[in-house]
Colleague: 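Structure in structure tokens, see below.
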There are 2 protein chains.
Amino acid sequence: MRMTSQRKKILDVLNQAKIPLTCDDIYLQIEDDKLNLSTVYRSLERFYVDKHVYKTIINQKQYYYIGHHHHFLVCLGCEKMIPVGCHIEGKEKAIGEPYGFQVTHHDMTLYGYCNLCQTH
Amino acid sequence: MRMTSQRKKILDVLNQAKIPLTCDDIYLQIEDDKLNLSTVYRSLERFYVDKHVYKTIINQKQYYYIGHHHHFLVCLGCEKMIPVGCHIEGKEKAIGEPYGFQVTHHDMTLYGYCNLCQTH
DNA sequence: CTGCCTGCAAATAGTTTGCAAGTTA
DNA sequence: TAACTTGCAAACTATTTGCAGGCAG
């Protein structure tokens with residue numbers, strides 16, 4: 001894979017992120033008139049296929065990318081995202097076993113209300 | 001909520017399903033020239049908001065609806081879906097607690113290869 | 001008979017793709 | 001220089017919406 005200047009910038013943004021970002025988030029953070037949104041889409045998908053980043057889906061609408069395997073608490077009030085550890089890491093295999101199914105990865109998101117939004 | 005003939009048919013299909021279905025799956029199964037796809041979309045979303053059905057997202061593309069809370073093993077080879085029980089039911093609360101976060105629900109999908117597709 | 005629900009058609013939003021030109025190794 | 005990558009514009013797909021007429025309660 002060629003490490004172009006565009007891909008460097010995209011990886012930079014992603015590696016500094018604590019929470020997952022959409023392609024558009026990353027595109028906007030880079031603010032380079034000469035960077036195209038479709039390049040961001042293509043690069044992130046490439047990174048994902050090559051297993052350099054993780055992908056998850058939040059609020060059932062958009063792809064989010066992040067450098068590390070985490071799950072997230074997503075607030076339905078303010079959309080804040082809080083990273084949490086993975087509670088089924090290591091159990092994946094056992095879940096598939098009764099079916100002869102070989103689990104390779106999983107995606108989970110938890111929804112609810114953060115401390116500030118619970119008064120709703 | 002008004003129980004129209006369209007909604008009855010949609011619920012019927014969903015209640016007989018063992019695996020989650022997309023709006024289009026349901027629309028095609030009903031095969032009524034006078035039923036519109038957007039009615040299926042609107043009805044299922046309504047059922048979901050009123051907590052009569054569950055919604056999940058699979059292969060990061062489409063909404064799937066199902067009558068009961070289950071997770072699924074999704075085969076990356078043949079797209080087969082196998083329902084499995086929920087392994088974090090009851091732990092939800094504990095996961096959010098350290099952050100003062102009140103978890104209301106979660107969505108998880110496991111990916112991998114079924115017994116027939118493992119020779120890939 | 002009134003307000004919720006539907007069909008229809010058009011709009012949206014996120015993502016993907018074809019192609020010619022630019023860049024990396 | 002050859003293969004990979006990009007920018008641009010157009011295409012695609014799943015989903016949503018406005019509106020006028022229809023139907024359940």
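Naming: A, B, ... by sequence-line order, numbering from 1 per chain.
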Colleague: Applying ring-ring contact (aromatic ring centres under 6.0 Å, His included), which residue pairs with at least one partner in residues 38-62 of chain B are found, sequence neighbours left out?
Modeller: Tyr54(B)-His69(B)
Colleague: Counting C-beta onward and ignoring hydrogens, is there a side-chain heavy-atom pair between Cys23(B) and Tyr65(B) closer than 4.5 Å?
Modeller: yes
Colleague: For dC4(C), does the base pair up with any side-chain atom of Arg2(B) as donor and acceptor (N or O, under 3.5 Å, distance only)?
Modeller: yes
Colleague: When you get a sec, tell me which of dG7(C), dC8(D), dT15(C) is the closest nucleotide to the side chain of Ser38(B)?
Modeller: dG7(C)
Colleague: Rounded off to whole Å, could you give me the CD1-to-P distance for the Ile58(B) and dA14(D) pair?
Modeller: 15 Å
Colleague: Is there side-chain contact between His71(A) and Ile95(B), with at least one heavy-atom pair below 4.5 Å?
Modeller: no
Colleague: What dot-bracket string describes DNA chain D from 5' to 3', counting Watson-Crick and G-U wobble pairs whose defining distances are under 3.5 Å, with [ ] for crossing pairs and | for pairs to another strand?
Modeller: |||||||||||||||||||||||||
Colleague: Counting only side-chain nitrogens and oxygens, does Lys34(A) get under 4.0 Å of the OP1 or OP2 atom of dG22(C)?
Modeller: no
Colleague: Enter the distance from Leu28(B):CG to Leu37(B):CG here, rounded to the nearest 0.5 Å.
Modeller: 8.5 Å
Colleague: Starting at CG of Asn36(B) and ending at P of dT16(D), how long is that distance when rounded to a whole Å?
Modeller: 14 Å
Colleague: Met1(B) CE to dG25(D) P: how many Å, rounded?
Modeller: 11 Å
Colleague: Kindly state which residues belonging to residues 4-12 of chain A come within less than 4.0 angstrom of DNA chain D, counting heavy atoms of the residue only, listed by number.
Modeller: Thr4(A), Gln6(A), Arg7(A)
Colleague: Would you say Gln6(B)'s side chain and Asn36(B)'s backbone share a donor-acceptor pair under 3.5 angstrom?
Modeller: no
Colleague: Who passes ring pair (Phe, Tyr, Trp, His ring centres under 6.0 Å) against Tyr111(A), sequence neighbours left out?
Modeller: His105(B)
Colleague: Distance check needed: dG14(C) P versus Leu37(A) CG, whole Å only.
Modeller: 10 Å
Colleague: Just to be sure I understand the geometry, which residues of residues 39-49 of chain B put a non-hydrogen atom under 4.0 Å away from DNA chain D?
Modeller: Tyr41(B), Arg42(B)
Colleague: Under the 3.5 angstrom rule, does the side chain of Glu92(A) hit a backbone N or O of Leu110(B) as a donor-acceptor pair?
Modeller: no
Colleague: Of Ile88(A), Thr109(A), Asp107(A), which meets side chain to side chain contact (heavy atoms under 4.5 Å, CB included) against Met108(B)?
Modeller: Ile88(A)
Colleague: Whole Å only: how far is the CD atom of Gln62(B) from the P atom of dT16(C)?
Modeller: 13 Å
Colleague: Taking salt bridge (Lys or Arg N to Asp or Glu O under 4.0 Å) as the cut-off, I'd like each qualifying pair that reaches into residues 4-22 of chain B, sequence neighbours left out, listed once.
Modeller: Lys9(B)-Asp32(B)
Colleague: What is the distance, to the nearest angstrom, from the CG atom on Asp32(A) to the C1' atom on dT5(D)?
Modeller: 15 Å
Colleague: Could you tell me the separation between the CG atom of Leu35(B) and the C1' atom of dG7(C), rounded to a whole number of Å?
Modeller: 10 Å
Colleague: Backbone N or O of Tyr113(B) within a donor-acceptor pair of the Gln118(B) side chain at under 3.5 Å?
Modeller: yes
Colleague: Could you check whether any side-chain heavy atom of Leu116(A) comes within less than 4.5 Å of a side-chain heavy atom of Cys78(A), counting everything from C-beta outward?
Modeller: no
Colleague: Give the rounded distance in Å between these two atoms: CE of Met3(A) and P of dT5(D).
Modeller: 10 Å
